[in-house]
Amino acid sequence: MRVAVLKGGRSLERQVSLKSGARVEDALERLGHEVVAIDVGGDLVERLRAERPDVAFVALHGRDGEDGTVQELLEAMGIPYTGSGVSACIRASDKVLAKHAMRDAGIPTPDFFAFSETAFKDLGAASALPAIEERLEFPIVVKPACQGSALGIKFARTADDVPAALVAAFSYDRKVLLERHVTGRELAVSVIDDETGPRVLPIVEAVPKEEDFYDFEARYEIGRTEFVCPAELSDDVSARASGLALAVYSLLGCAGFARVDL
């Protein structure tokens with residue numbers, strides 16, 4: 001099979017995507033497939049038309065790759081692709097949409113409030129911050145709505161920290177959320193579809209070595225984090241985490257494979 005591996009792109013997670021794409025290419029070649037590596041840019045449509053792949057493996061990270069953009073383009077061109085469809089990508093990549101959906105469905109997610117730049121500039125949202133801070137309690141996590149890999153996330157431990165955290169988050173996105181901080185362990189639950197439907201793979205725990213926050217550097221710099229698989233959890237906690245992951249996978253309409261972080 002002729003497989004186009006889409007990687008790189010223009011997002012802030014470009015370098016991570018290039019590494020992911022290289023690993024996918026290696027695996028596909030070892031399985032006997034013909035691989036066409038495409039660093040996604042302005043010539044994507046031209047490259048796809050010239051290469052005529054049987055399928056596209058989407059190894060893009062962040063904007064354009066995980067938010068439904070490239071998926072919509074591939075559907076328009078009639079090229080099958082890996083992973084979730086357009087609508088699921090839109091819901092999963094937007095933390096605010098995803099969290100509202102989870103809250104509506106009764107799936108536990110930390111309490112939050114979300115605002116656009118317009119709300120702060122034109123509607124006086126800043127004057128509501130004291131009430132929000134009282135509801136959420138410190139420390140508060142401030143994050144952009146549509147970035148991955150913990151980019152733009154800041155902790156506000158006091159009211160004085162909130163303005164700078166908002167500025168940082170707005171530098172990544174035009175919509176941000178303020179979220180209640182939950183102290184706990186970092187679990188990653190991968191879900192994959194097979195002939196029987198979606199199933200959970202062994203749970204992975206990320207244990208940062210030098211800091212108490214699983215940030216971008218901890219995720220991607222070798223040696224900064226220990227990954228324990230399977231995570232050392234009681235049977236009850238493992239079952240609960242797996243059940244939540246499957247519930248979110250279904251709620252957002254994911255397909256093929258996904259990872260749910262808890």
Problem - Beyond-backbone contact of Val182 with Pro110, side-chain heavy atoms, under 4.5 angstrom - result: yes

Problem - All salt bridge (Lys or Arg N to Asp or Glu O under 4.0 Å) counterparts of Glu117, not counting sequence neighbours - result: Arg174

Exercise for the section: Output yes when a side-chain donor or acceptor of Ser93 lies under 3.5 Å from a complementary backbone atom of Cys89, and no otherwise. Expected result: yes

Practice task
For the residue pair Leu60 and Val70, establish whether any side-chain heavy-atom pair is separated by less than 4.5 Å.
Solution key: yes

For residues 123-141, which side-chain donor-acceptor pairs fall under 3.5 Å, sequence neighbours excluded?
{"residue": "Ser127", "atom": "OG", "partner": "Gly124", "partner atom": "O", "Å": "2.7"}

Exercise for the section: Answer yes or no: is there an ion pair linking Asp173 with Lys143, defined by an N-O contact shorter than 4.0 Å? Expected result: no

Handout entry: Considering all heavy atoms, the nearest Arg259-Ser190 contact
Key = CG-OG, 3.8 Å

Problem - Shared hydrophobic cluster for Val45 and Ile79 (ILVMFWY, side-chain gaps under 4.5 Å) - result: yes

Practice task
Give me the other members of the hydrophobic cluster that Val237 sits in, counting Ile, Leu, Val, Met, Phe, Trp and Tyr linked by side-chain heavy atoms under 4.5 Å, directly or via other members.
Solution key: Met102, Ile107, Leu187, Val189, Val191, Val200, Ile203, Leu233, Leu244, Leu246, Val248, Tyr249, Leu251, Leu252, Val260, Leu262

Practice task
Could you pull out all residues at least two apart from Thr196 that satisfy side-chain hydrogen bond (donor to acceptor under 3.5 Å, both in side chains)?
Solution key: Asp194

Problem - Salt bridge present between Asp236 and Arg240 (N-O < 4.0 angstrom) - result: no

Exercise for the section: Give a yes or no on whether the backbone of Ala247 and the side-chain of Ser250 come within a donor-acceptor separation of less than 3.5 Å. Expected result: no

Exercise for the section: Apply side-chain hydrogen bond (donor to acceptor under 3.5 Å, both in side chains) to Lys99 and list each qualifying residue two or more places apart in sequence or on a separate chain. Expected result: Thr109, Glu179

Problem - Listed partners of Thr82 passing side-chain hydrogen bond (donor to acceptor under 3.5 Å, both in side chains), at least two apart - result: none

Completion exercise
Besides Phe112, the hydrophobic cluster formed by Ile, Leu, Val, Met, Phe, Trp and Tyr side chains linked at under 4.5 Å, directly or via other members, contains Val96, Leu177

Handout entry: Which residues share a side chain to side chain contact (heavy atoms under 4.5 Å, CB included) with Thr118, sequence neighbours left out
Key = Ser116, Asp122

Exercise for the section: Could you state whether Val58 and Leu48 fall into the same hydrophobic cluster, counting links through intermediate Ile, Leu, Val, Met, Phe, Trp or Tyr residues with side-chain heavy atoms under 4.5 angstrom apart? Expected result: yes

Problem - Sub-4.5 Å side-chain heavy-atom contact between Ile192 and Arg199 - result: yes

Completion exercise
Note: with side-chain heavy atoms under 4.5 Å as the link, the other cluster members for Leu31 come out as none

Handout entry: Short side-chain to backbone donor-acceptor contact, Ser84 and Ala255, under 3.5 Å
Key = yes

Fill in the blank from the handout: When every non-hydrogen atom of Arg185 is compared with those of Glu205, the smallest separation belongs to NH2-OE1, 2.7 Å

Problem - Short side-chain to backbone donor-acceptor contact, Glu75 and Gln71, under 3.5 Å - result: no

Handout entry: All side-chain hydrogen bond (donor to acceptor under 3.5 Å, both in side chains) counterparts of Arg23, not counting sequence neighbours
Key = none

Problem - Pairs touching residues 32-59 that satisfy side-chain hydrogen bond (donor to acceptor under 3.5 Å, both in side chains), sequence neighbours left out - result: Arg2-Glu34, Arg2-Glu51, Arg14-Asp39

Handout entry: Verify same cluster id: Leu97, Ile153 (apolar side-chain graph, 4.5 Å)
Key = no

Problem - Asp161 to Ala156 - nearest heavy-atom pair and separation - result: CB-CA, 3.6 Å

Practice task
Might you confirm whether atom CE of Met1 has over 12 heavy atoms from other residues, nucleotides or ligands at distances under 6.0 Å?
Solution key: no

Fill in the blank from the handout: Shortest non-hydrogen pair, Ser20 vs Ala59, comes out as CB-O, 4.2 Å

Problem - Co-membership, hydrophobic cluster, residues Val16 and Val40, 4.5 Å side-chain - result: no

Exercise for the section: For Thr69 and Asp67, run side-chain hydrogen bond (donor to acceptor under 3.5 Å, both in side chains): C-alpha distance rounded to whole Å, both residues' side-chain angles, the deciding distance at 0.1 Å, then the answer. Expected result: CA-CA 6 Å; Thr69 301; Asp67 61 6; 2.8 Å; yes

Practice task
Answer with yes or no whether the hydrophobic clustering places Val162 together with Val167; edges join I, L, V, M, F, W, Y residues whose side-chain heavy atoms lie under 4.5 Å apart.
Solution key: no

Exercise for the section: Would you check if Leu6 and Tyr81 make a side-chain contact, meaning some heavy-atom pair closer than 4.5 Å? Expected result: no

Exercise for the section: Please indicate whether Asp104 has more than 12 foreign heavy atoms, meaning atoms of other residues, nucleotides or ligands, lying under 6.0 Å from its CG. Expected result: yes

Completion exercise
Tightest non-hydrogen contact, residues Ile38 and Ala4, listed as CD1-CB, 4.1 Å

Practice task
Under the salt bridge (Lys or Arg N to Asp or Glu O under 4.0 Å) rule, collect the residues that match up with Asp94, sequence neighbours excluded.
Solution key: Lys175

Problem - Close side-chain approach of Thr225 and Phe227, heavy atoms under 4.5 Å - result: yes

Problem - Nearest heavy-atom neighbours spanning Asp193 and Gly197 - result: OD1-C, 3.6 Å

